[in-house]
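Report on one structure; see the data block that follows.
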Amino acid sequence: MRDAEVSRNLLDWYDVHARDLPWRIGPAARVSGVRPDPYAVWLSEVMLQQTTVAAVRDYFHRFTARWPDVTALAAAEDAQVMGEWAGLGYYARARNLLKCARAVARDHGGRFPDTREGLLALPGIGPYTAAAIAAIAFDRPETVVDGNVERVMARLFAVETPLPTAKPDLTALAARLTPAERPGCHAQAVMDLGATICTPRSPACGICPVMAACAGRARGIAADLPRKLPKGVKPTRLGLAYLGRRTDGAWLLERRPDRGLLGGMLGWPGTDWAETEPVSAPPAVADWRPLGAEVRHTFTHFHLRLALWVADLPADCAPARGAFVDRHDFRPSDLPTVMRKAFDLARGGFASD
DNA sequence: CACCCGTGGAC
DNA sequence: TGTCCAAGGGT
C-alpha cells in the first residue's frame with residue numbers, strides 16, 4: 001500500500017469515526033468551508049499537552065464560558081486564570097497561556113498568526129502545538145507529531161529504535177503521510193487513531209483502517225512498539241505544610257513563586273520538599289499541632305509525603321509568611337491537587353462553625 | 001540536551 | 001499499591 005493510500009484510508013476513517021469534541025466543528029460546517037476558531041484550537045491544544053481529553057473537557061468549557069475570546073483572556077487577572085487552571089497540572093502552561101493571549105492581543109491585533117513559524121514564536125507554543133494550530137485552524141500542510149503519531153508511525157513502519165532517539169525518523173515518516181488536502185483532518189485522524197485504536201496497550205488492530213499497511217502487525221510486534229528507554233526510579237521527598245485558620249474563618253495561604261514546581265499557584269506555607277527530614281518552620285506564632293495524617297502525592301519525578309500541622313490563629317495574627325484569604329473568597333478548587341488534598345484532610349481538624 | 005514540570009485513569 | 005501513560009514546552 002502506497003503512502004497516499006494509507007493517508008486516504010485514514011481520512012475516510014476519520015470522516016466516519018471522528019469524535020465529537022467541544023473544540024471541533026461538525027462535518028457539515030466543515031464542508032461549507034467553515035474553519036475552526038483559532039482561539040478554541042489553541043486553548044484546547046495547550047490544555048491537551050500531556051493531558052487526556054476526559055480531563056480537559058470541563059476545563060475547556062469553563063474557560064470558554066468565562067473568557068470567550070483571546071482578548072477577554074488577555075484582560076483577565078493572573079489569579080483568576082491560575083485558579084481556573086487549578087487541578088489540570090503543568091501550571092507553566094497557564095502562565096504561558098496568559099503571556100500568549102496578551103502577546104496576541106497586543107502585538108497581533110487579537111488575531112493568532114496563521115503560520116507555523118509565527119505561532120512558534122509565541123509563549124507555550126512549541127513544535128507540536130504550532131503545527132497543530134497551523135494545520136487545524138489555518139489549513140496549512142504542516143506535519144503534526146505528538147505521542148500518538150509517534151506510536152502509530154513506529155508501528156506502521158516497524159521502527160524498533162527506542163524513543164527518544166527515533167523521534168527524527170518518526171517525524172520524517174509522518175511527513176511522508178501528510179497530505180496537501182485537509183492536513184488538519186489528517187493530523188486529527190492519526191491522533192484519533194492513536195487514542196482509540198492504535199492504543200499503547202492491546203491495540204485493536206482488527207478494526208484498524210490501515211491494518212493492511214502495518215509492518216508492525218505483519219511482524220507481530222505492533223503492541224511492543226514504540227520501544228522506550230527504561231525510566232529511573234522516583235525518589236521520595238518529605239515536607240511539612242501549615243494549615244492555619246483565623247478565628248473569623250480566614251485561611252493563611254501563600255502565592256508560590258512563578259518559577260518551578262506549582263509555580264504561580266496558591267498553597268499552604270511550609271518547608272521545602274527534600275529527601276531529608278524537614279526542619280519545622282511555622283509561618284506564624286501559634287500553637288501548631290500535628291494533624292496525625294499526611295498527604296501522599298506523586299509528581300512527575302518524585303513521590304511526596306507531606307506532614308500536616310494545623311493551628312487556630314488569633315484575630316490579630318501577623319504572619320511572617322503568606323496572607324489571609326477571607327473565608328468567602330477561598331475556593332478549594334483554586335488549589336493545585338496536592339494542596340487541596342491537604343485541605344481535605346485538615347478541615348476536619350478545626351472546630352466546625 | 002537532560003532535566004524539570006501535574007494529574008487521574010487504566011491495569 | 002505501584003507503574004505506566006496522555007494531543008509537550010521551557011530552560
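Just so we're on the same page: letters track the sequence lines, and every chain starts at 1.
As rounded to whole Å, 14 Å separates atom C1' of B:dG6 from atom CZ of A:Arg237. In this structure, the CG atom of A:Asp58 is 12 Å from the P atom of B:dG9, given to the nearest Å. Atom C1' of nucleotide B:dC4 and atom CZ of A:Arg256 are separated by 14 Å, given to the nearest angstrom. Rounded to an integer number of Å, the gap from CZ of A:Arg93 to P of B:dG6 is 9 Å. The separation between A:Gln50 atom CD and B:dC5 atom P is 15 Å, rounded to whole Å. For the pair A:Leu262 CG and B:dC5 P, the interatomic distance rounds to 9 Å; values are reported in whole Å. As a whole-Å value, the separation of A:Leu88 CG from B:dG9 C1' is 14 Å. Summarising the geometry, the separation between CH2 on A:Trp85 and C1' on C:dG9 is reported as 12 Å, rounded to the nearest angstrom.
For B:dC4, the OP1/OP2 oxygens have no side-chain nitrogen or oxygen of A:Lys234 closer than 4.0 Å. Considering only side-chain N and O atoms, A:His301 lies under 4.0 angstrom from the phosphate OP1 or OP2 of B:dC5. In this structure, A:Thr337 does not reach the B:dG6 phosphate: none of its side-chain N or O atoms is under 4.0 Å from OP1 or OP2. Taking 4.0 angstrom as the limit, A:Gln49 places none of its side-chain polar atoms (N or O) nearer than this to OP1 or OP2 of C:dG8. Residue A:His297 has a polar side-chain atom (N or O) positioned under 4.0 Å from OP1 or OP2 of B:dT7.
Scanning atom types as modelled, no donor and acceptor separated by under 3.5 angstrom connect the side chain of A:Thr51 and the base of B:dG8.
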Strand DNA chain B in bracket notation, Watson-Crick/G-U under 3.5 Å with | for pairs to another chain
.||||.|||||
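At a threshold of 4.0 angstrom between heavy atoms, the contacts of A:Arg24 include nucleobase atoms, whether or not backbone atoms are also involved. Within the nucleic acid shown, A:Gly263 has no heavy atom closer than 4.0 Å to any nucleic acid atom. Among the atoms of the strands shown, only primed sugar atoms or phosphate atoms (P, OP1, OP2) are found under 4.0 Å from some heavy atom of A:Arg340. Residue-level contact check: A:Thr298 touches the bases, meaning some heavy atom is under 4.0 Å from a base atom. Heavy atoms of A:Lys167 sit nowhere under 4.0 angstrom from any nucleic acid atom. Residue contacts for A:Arg151: at a heavy-atom cut-off of 4.0 Å it reaches the sugar-phosphate backbone alone, with no base atom in range.
Salt-bridge annotation for A:Asp312 and A:Arg289: present, with a side-chain N of the basic residue lying under 4.0 Å from a carboxylate O of the acidic one. Salt bridge annotation for A:Asp334-A:Arg331: present, with a cationic side-chain nitrogen under 4.0 angstrom from a carboxylate oxygen.
Both tests pass for A:Arg256 against the ring of A:Trp273: distance under 6.0 Å to the centre and angle within 45° of the axis.
At distances below 3.5 Å, not a single donor-acceptor pair connects side-chain atoms of A:Arg140 with backbone N or O atoms of A:Arg116. The main-chain N or O of A:Pro332 is never found under 3.5 Å from a side-chain atom of A:Arg340 such that the two would form a donor-acceptor pair. Judged purely by atom type and a 3.5 angstrom limit, A:Ser7 uses its side chain to pair as donor or acceptor with the backbone of A:Leu177. Distance alone, capped at 3.5 Å, places no donor-acceptor pair between the A:Arg217 side chain and the A:Ala212 backbone.
With distances taken from any side-chain atom of A:Arg259 to the nucleotides B:dT7, C:dT11, B:dG6, the minimum falls on C:dT11. For A:Asn96, whose side chain is taken as the heavy atoms from C-beta onward, the closest listed nucleotide among C:dG10, C:dA6, B:dT7 is C:dG10. Of all nucleotides listed (C:dA6, B:dC11, C:dG9), B:dC11 comes nearest to the side chain of A:Arg201. Here C:dC5 is the nucleotide among C:dC5, C:dG8, B:dG6 with the atom lying nearest to any side-chain atom of A:Lys231. The side chain of A:Pro200 sits closest to C:dC5 out of C:dC5, B:dT7, B:dG6. For A:Tyr90, whose side chain is taken as the heavy atoms from C-beta onward, the closest listed nucleotide among C:dA6, C:dG9, B:dC5 is B:dC5.
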Enumerate, atom names and distances included, each donor-acceptor pair closer than 3.5 Å involving a side-chain atom of residues 67-87 of chain A, sequence neighbours excluded.
from: A:Asp69; atom 1: OD1; to: A:Thr71; atom 2: N; distance (Å): 3.1
from: A:Asp69; atom 1: OD1; to: A:Ala72; atom 2: N; distance (Å): 2.8
from: A:Asp78; atom 1: OD1; to: A:Arg102; atom 2: NH1; distance (Å): 3.2
from: A:Asp78; atom 1: OD1; to: A:Arg102; atom 2: NH2; distance (Å): 3.0
from: A:Gln80; atom 1: OE1; to: A:Arg66; atom 2: NH2; distance (Å): 2.3
from: A:Glu84; atom 1: OE1; to: A:Arg66; atom 2: NH1; distance (Å): 2.4
from: A:Trp85; atom 1: NE1; to: A:Gly89; atom 2: O; distance (Å): 3.0

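Aromatic ring centroids of A:Trp251 and A:Phe324 lie 6.0 Å or more apart. The distance between the ring centers of A:Phe63 and A:Phe60 does not fall below 6.0 angstrom. Between A:Phe299 and A:His301, the gap from one ring centroid to the other reaches at least 6.0 Å.
Nearest-nucleotide mapping onto DNA chain B: of A:Pro164 and A:Phe299, the residue sitting toward the 5' end is A:Pro164. Along DNA chain C, the nucleotide nearest A:Ala92 and the nucleotide nearest A:Arg19 are compared for position; the residue whose nucleotide lies closer to the 5' end is A:Arg19.
Only the P atoms considered, B:dG6 is 14 Å distant from C:dT11, to the nearest whole Å.
Within residues 115-127 of chain A, the residues that place at least one heavy atom under 4.0 Å from DNA chain C are, in residue-number order, A:Pro123, A:Gly124, A:Ile125, A:Gly126, A:Pro127.
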Could you walk me through whether A:Trp23 and A:Asp37 satisfy the side-chain contact (heavy atoms from CB on, under 4.5 Å) test, starting with their C-alpha distance in whole Å, then the side-chain angles of each, then the deciding distance to 0.1 Å, before giving a yes or no?
CA-CA 8 Å; A:Trp23 44 87; A:Asp37 175 11; over 6 Å; no
